[in-house]
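To find a chain, count down the sequence lines: A is the first, B the second, and so on, and within it residues start at 1.
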There are 2 protein chains.
Amino acid sequence: MPKSKSLPALRERDPDARRERILAAAGEVFAKAGFERGSVREISLKAQVNVASINYYFGSKAGLYREVLLVSHQLLLEQEPPPQLTEEPEQSLRAWIHFCLRFVLMKRSAHPVLGRLMAHEMHHPTAALGELVKMVIKPNFANLVKIVEALTKGSLDKAQQEMAAHQIIAMCVHFDHSREVIGRLGFAVPEAEAGIARLANSVAEMALRGLTSKKPQTKKKSLA
Amino acid sequence: MPKSKSLPALRERDPDARRERILAAAGEVFAKAGFERGSVREISLKAQVNVASINYYFGSKAGLYREVLLVSHQLLLEQEPPPQLTEEPEQSLRAWIHFCLRFVLMKRSAHPVLGRLMAHEMHHPTAALGELVKMVIKPNFANLVKIVEALTKGSLDKAQQEMAAHQIIAMCVHFDHSREVIGRLGFAVPEAEAGIARLANSVAEMALRGLTSKKPQTKKKSLA
DNA sequence: AGCGTTTATAAACAAGCGTTTTAAATTCAT
DNA sequence: ATGAATTTAAAACGCTTGTTTATAAACGCT
């Protein structure tokens, strides 16, 4: 299928460019509002494209969403490979937390809103969640669990390690998920490198101390 | 305004009962779907009431939502007063975390779904968020900060204390907010007392160690 | 040129939403 | 009992949603 980009048609009629425009616009809209709240009409308006084009190119709104969600994650994970467990578990954990916070908080130039896509998906799952979990979430979670395992070898069993991993993830995603409330409580959620690094440091401190310091004492809990 | 409950009308016509039925149904629907996604028609169906009754009694969908959100929180906070800082800061923190997790996770008989209401409000704020923050969130956050302050006096400044408080809240609300994904990663989010207490213990352990153990060393971070 | 396919658009469709209207019941006060 | 006020209910309104249909324009090809 030969392209005729060389001679510019009077009326714009480059399918690839239109497809890209739709994807970009959908990325913004879905990131802002999630799948259900994001409307195809707003997307078509932003992409300067007729509404019907969306169904023409992507079959349905759900098809477009799936494409946006998955390819954008693939792209980012290729550009910024997630940190693995190295010989220095402490540094690995710091790197993992920093990576996660960057992923979730940072306003990227390439894809300014990727974290929000996943946030919506986590809070309001769609049919695409399964693929996202398998492709992105599960592997990264497994990496984190390996790091935690290396840091707590012996002192925590598998279930406790996973629970701790969830707690660490909690401290990362919370600042995105509850951004509005956190802001109203007087805390400015960082969006740039410096602030994110500072937050990552604080989270890593708590995680490292919480994981590695000796168990204070296994005293009986006195329920109030 | 005299009530005529003594003689039961052939057709049910007790305004108070209807109002209560609407409130209960709205609680379920809004907790499940949030404000926007919850429809007045579903509520009217569940309450066995005409759609117009909702506007008759509450003015609008937003008015009904505000009523549901605020009075249900008031009721719960009267029944279960939130923990304050006592002479034993460690126990106070444990109690606070346990309270927060119960609030967020537990399926109550009185109001089975209260935590979900706030979760939706945090993730997708409505006009009622302001009141909720002022009434419920801000005071409880202030309590937590006081506890953290007592535990870290001297070693952390005010801003660091607040950041730590947010991290502790994160570990509590995450298990509700990201319930679906956490489930798919193989972790069963507890809904009953025993499991919640166990989770609260784990969170408290990490928080306490993270807050109170000495700073390991303020080494320069080596960014990957 | 002309034919067939691909692509683009406008318009219509069916369904759902919150709300309002209209009108019929029921209750209350006189 | 009769008239006014309150409460219920059905229907319609106006709007937005995702999708489909019908039509027209632009292209590749012979």
*For A/A197 and A/H98, which heavy atoms make the closest approach, and how far apart are they?*
CA-NE2, 3.8 Å

When you get a sec, tell me which of [options] is the closest nucleotide to the side chain of [X]?
X	options	answer
B/R18	C/dA8, D/dA9, C/dT19	D/dA9
B/A52	C/dT21, C/dT19, C/dA10	C/dT21
B/N55	D/dT19, C/dT20, C/dT7	C/dT20

Atom pair distance, as rounded to whole Å: [atom1] in [X] and [atom2] in [N]:
X	N	atom1	atom2	answer
A/Y65	D/dT19	OH	P	15 Å
A/N50	D/dT21	CG	C1'	13 Å
B/R21	D/dT7	CZ	C1'	13 Å
B/L45	D/dA10	CG	C1'	15 Å
A/F30	D/dT17	CZ	P	12 Å
B/I54	C/dT20	CD1	P	13 Å
A/Y56	D/dA25	OH	P	17 Å

_Taking salt bridge (charged side-chain N to carboxylate O under 4.0 Å, His left out) as the cut-off, I'd like each qualifying pair that reaches into residues 53-66 of chain B, sequence neighbours left out, listed once._
B/R66-B/E131

_Sequence-distant partners of B/R41, salt bridge (charged side-chain N to carboxylate O under 4.0 Å, His left out), two or more places apart_ = none

*In chain order, what residues pass the salt bridge (charged side-chain N to carboxylate O under 4.0 Å, His left out) check against B/K134, with sequence neighbours excluded?*
none

*What is the pairing partner of D/dA1, taking Watson-Crick or G-U wobble pairs with both distances under 3.5 Å in any strand?*
C/dT30

*Partner residues of B/E121 under the side-chain hydrogen bond (donor to acceptor under 3.5 Å, both in side chains) criterion, sequence neighbours left out*: B/Y65, B/T126

List, one per line, each side-chain donor-acceptor pair under 3.5 Å for residues 139-147 of chain B, sequence neighbours excluded.
from	atom 1	to	atom 2	distance (Å)
B/N140	ND2	B/V136	O	2.7

*asked:* On the nucleotide C/dA8, are OP1 or OP2 found under 4.0 Å from the side-chain N or O atoms that A/Y57 carries?
replied: yes

*Mind running side chain to side chain contact (heavy atoms under 4.5 Å, CB included) on A/H177 and B/S178 for me, showing each step along the way?*
CA-CA 9 Å; A/H177 287 200; B/S178 305; 3.7 Å; yes

Distances for protein N/O vs nucleotides 12-17 of chain C N/O pairs under 3.5 angstrom?
from	atom 1	to	atom 2	distance (Å)
C/dC17	OP1	B/S39	OG	3.4

